[in-house]
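Just so we're on the same page: letters track the sequence lines, and every chain starts at 1.
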Amino acid sequence: MTDHTSAYDGLLGDDSAQWAFGQDFEDPLAGVDTTLAAGVDGAALAAYCLMLGDDALVHSHRLSQWASNAPDLEEDIALANIALDLLGQARLLLARAAAADPSVVPALPAGSPVPPEDALAFFRDDADFRNVRLVEGENGDFAVTTARLLLFSTHRLALLERLRDSVDPVLAAIAAKGVKEVAYHRDHAARWCVTLARGTEESRRRMRAGLDVVWPLHHELFRTHPVEATAAEQGFGVDPAGLAADVDVLLEQVLSVGGLDRPTVPPTGPLGRGAGRDGRHTEALGRMLAEMQVVARAHPTGRW
Amino acid sequence: MSAVVDADAVTLARRAAEEVTDPEMPMLTLADLGVLRDVALEGATVVLTVTPTYSGCPALATMRDDLVHRLRERGFADVDVRVRLAPAWSSDWITERGRAALRAHGISPPGAAPATEGPTVLRLLPTRRQVACPRCGSGRTALTSEFGATACKAMYRCEECLEPFDHVKEI
């Protein structure tokens with residue numbers, strides 16, 4: 001029975017009906033058959049899903065930081081929606097990784113209610129993240145975000161289209177769903193790119209500058225990492241080198257409609273012994289994760 | 001349990017599940033939205049199968065809770081809600097009754113979903129849709145944004161009655 005003299009007492013009862021969103025975390029793969037197909041190595045599949053999941057998670061977080069800061073209200077809502085789609089994809093991919101190889105999930109104190117995909121998102125350090133460096137950069141000019149979203153979503157759509165044929169049925173299903181969503185993201189970025197390029201002198205200058213900021217990190221998306229080579233061999237993943245030509249045709253289409261020259265800035269080199277896929281990140285990721293993870297890490301056994 | 005009783009139980013469970021409405025578009029039931037895919041009995045457990053509309057749809061947890069609560073109210077103690085990811089949800093799954101309910105509540109229902117096989121076409125111009133204003137019926141409508149208050153909606157405005165309205169996106 002609820003004691004109305006204290007607003008908090010009622011929260012401690014065991015009647016879950018009082019919670020609008022329920023008391024339990026929901027497994028996004030509840031009831032989904034996560035058995036590995038013949039010839040698929042669970043550890044390799046998990047490593048691959050972490051790469052794709054981290055790309056989506058980190059880019060999602062950067063986009064969500066635009067909420068209340070975008071050029072107009074519609075853009076606030078658009079970027080938040082795109083971030084939400086990517087967060088959903090990240091959640092499914094991280095859950096797939098955890099189901100394929102539970103050893104990738106960071107250990108938490110006994111009794112922690114944190115589900116595996118959240119443990120992966122909130123309890124890994126930057127060196128354990130496998131996203132490309134393209135998605136982790138700080139926000140600044142809206143044109144930089146537009147350029148980054150254009151490069152990322154063009155790549156991701158090409159990737160997800162091929163992943164629909166993955167021998168892993170869960171990954172294939174996540175990809176088939178994602179294709180429908182990322183098609184809207186790519187259209188959105190491409191339209192903005194053309195709008196800014198064909199707008200005023202100032203908007204055109206900034207669109208060019210935005211492309212120059214992200215272009216050096218573009219090639220990292222197409223460099224085949226050993227994990228991706230294994231994924232392609234075992235039939236559950238895609239060799240990203242094979243996407244480059246198709247992505248290039250689409251980017252050329254956007255650049256030419258916008259009357260933009262292809263940036264000539266050279267690619268950024270590796271950091272130490274590797275790049276984002278090896279856990280070698282720019283300083284920006286550490287700062288972003290510090291903010292994103294602080295509450296979860298302070299309360300590893302917390303219930304929300 | 002005999003086969004006849006089982007069949008009755010499934011019918012009752014289905015009836016209960018089909019009454020549950022979408023938390024964000026409460027004029028629609030989950031059945032009319034096409035999210036509720038299957039109702040079955042496994043022993044004494046009612047198994048409900050749902051397909052999320054969008055990967056990041058935050059309403060899915062609420063949908064699951066609403067389904068479980070409704071079934072428990074009707075005397076089904078054991079309820080298991082399972083996710084089915086493939087085939088992916090399509091706006092084509094919204095029933096005719098669902099479309100009429102959307103229209104009646106000022107939301108424009110989706111047109112036919114685009115084909116999803118092969119490479120996706122890049123659309124550099126605003127998506128062309130035949131969208132009628134759900135308030136005044138005018139076809140003179142303009143897209144404000146492809147993204148709206150929920151993942152599944154775009155924003156439009158009517159150039160006749162000047163009112164803004166939501167349109168459920170084709171996906």
Side-chain angles (χ1 to χ4, degrees), chain A residues 16-17 19-32 56 60 73-75 77-92 154 157-158 160-161 164 169-170 172-174 176-184 186-188 190-191 193-194 246 250 253-254 257-258, chain B residues 23 38 47-69 72-73 80-91 113-114 116-127 143-155 164 169-171:
Chain A
S16 66
W19 299 99
F21 291 92
Q23 223 176 348
D24 300 320
F25 288 107
E26 186 201 7
D27 176 4
L29 298 178
V32 174
S60 168
L73 183 59
E74 285 76 13
E75 198 51 34
I77 294 169
L79 293 178
N81 266 288
I82 293 170
L84 181 62
D85 287 343
L86 290 174
L87 186 64
Q89 293 175 22
R91 187 177 180 206
L92 290 163
T154 307
L157 189 49
L160 294 177
E161 283 172 353
R164 290 182 293 198
V170 183
I174 296 169
K177 181 84 224 165
V179 164
K180 296 175 174 216
E181 295 164 353
V182 179
Y184 278 98
R186 191 183 67 182
D187 287 347
H188 187 73
R191 289 172 197 176
C193 187
V194 169
D246 286 358
L250 287 155
Q253 198 182 332
V254 179
V257 174
Chain B
D38 197 29
V47 178
L48 305 172
T49 306
V50 296
T51 297
T53 52
Y54 280 71
S55 302
C57 182
L60 193 66
T62 313
M63 291 177 183
R64 189 199 61 163
D65 280 0
D66 290 350
L67 285 165
V68 171
H69 285 146
R72 284 199 184 137
E73 272 167 31
D80 190 9
V81 180
R82 294 180 191 166
V83 174
R84 184 187 288 164
L85 295 177
W89 183 82
S90 167
S91 50
T116 50
E117 289 81 35
T120 315
V121 179
L122 176 68
R123 298 166 294 191
L124 281 172
L125 293 172
T127 314
L143 177 70
T144 316
S145 174
E146 287 284 19
F147 299 91
T150 64
C152 55
K153 286 182 285 196
M155 292 191 283
K169 277 191 278 196
E170 296 75 17
I171 193 170

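- Only the backbone of A:P28 comes within less than 4.5 Å of a heavy atom of chain B; no side-chain atom from C-beta onward does.
- Looking only at side-chain heavy atoms (C-beta outward), A:D246 and B:P119 stay at 4.5 Å or farther from each other.
- No part of B:T51 comes within reach of chain A, as not one of its non-hydrogen atoms sits under 4.5 angstrom from that chain.
- With values rounded to the nearest 0.5 angstrom, A:R186 atom CZ is found 5.0 Å from B:L122 atom CG.
- Put simply, of B:M63, B:K169, B:R84, the one with the most heavy-atom pairs under 4.5 Å next to chain A is B:K169.
- For chain B, the nearby parts of A:L84 are the backbone and the side chain; heavy atoms of each come within less than 4.5 Å.
- With a 4.5 Å cut-off on non-hydrogen atoms, B:V121 touches chain A through its backbone but not through its side chain.
- A:V194 touches chain B through its side chain: at least one heavy atom from C-beta onward sits under 4.5 Å away, while N, CA, C and O do not.
- Between chain B and the residues A:V179, A:L157, A:L79, the most heavy-atom pairs under 4.5 angstrom are made by A:L157.
- At least one donor-acceptor pair closer than 3.5 Å links the side chain of A:K177 to the backbone N or O of B:T53.
- If you check the side chains of A:E161 and B:T120, you find a donor sitting under 3.5 Å from an acceptor.
- When heavy atoms are compared at a cutoff of 4.5 Å, A:I77 approaches chain B by way of both its backbone and its side chain.
- Proximity of a side-chain donor or acceptor of B:E146 to a complementary backbone N or O of A:H188 within less than 3.5 Å is not detected.
- A donor-acceptor distance shorter than 3.5 angstrom exists from the side chain of A:R164 to the backbone of B:G118, with no hydrogens or angles considered.
- Proximity of B:L85 to A:L29: side-chain heavy atoms (C-beta onward) are separated by under 4.5 Å at one or more points.
- Heavy-atom pairs under 4.5 Å with chain B were tallied for A:V182, A:I82, A:T154; the largest tally goes to A:I82.
- Atoms OG and CZ, from B:S55 and A:R91 in turn, are 11.0 Å apart once rounded to the nearest 0.5 Å.
- A:A173 and B:A86 get closest at one heavy-atom pair: CB-CB, 3.9 Å.
- When heavy atoms are compared at a cutoff of 4.5 Å, B:M155 approaches chain A solely by way of its side chain, counted from C-beta outward.
- Contact annotation for B:E117: only backbone heavy atoms (N, CA, C, O) come within less than 4.5 Å of a heavy atom of chain A.
- In terms of heavy-atom pairs under 4.5 Å with chain A, the best-connected choice from B:A149, B:A88, B:C57, B:P23 is B:A88.
- Nearest heavy atoms, A:R191 versus B:L124: CG-O, 3.2 Å.
- In this structure, chain A has no heavy atom under 4.5 Å from any part of B:T49.
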(request) Take A:Q89 and B:Y54 through the side-chain contact (heavy atoms from CB on, under 4.5 Å) test and state the conclusion after the steps. (result) CA-CA 9 Å; A:Q89 293 175 22; B:Y54 280 71; over 6 Å; no
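- Ranked by heavy-atom pairs under 4.5 Å with chain A, the first of B:V47, B:D80, B:L125 is B:L125.
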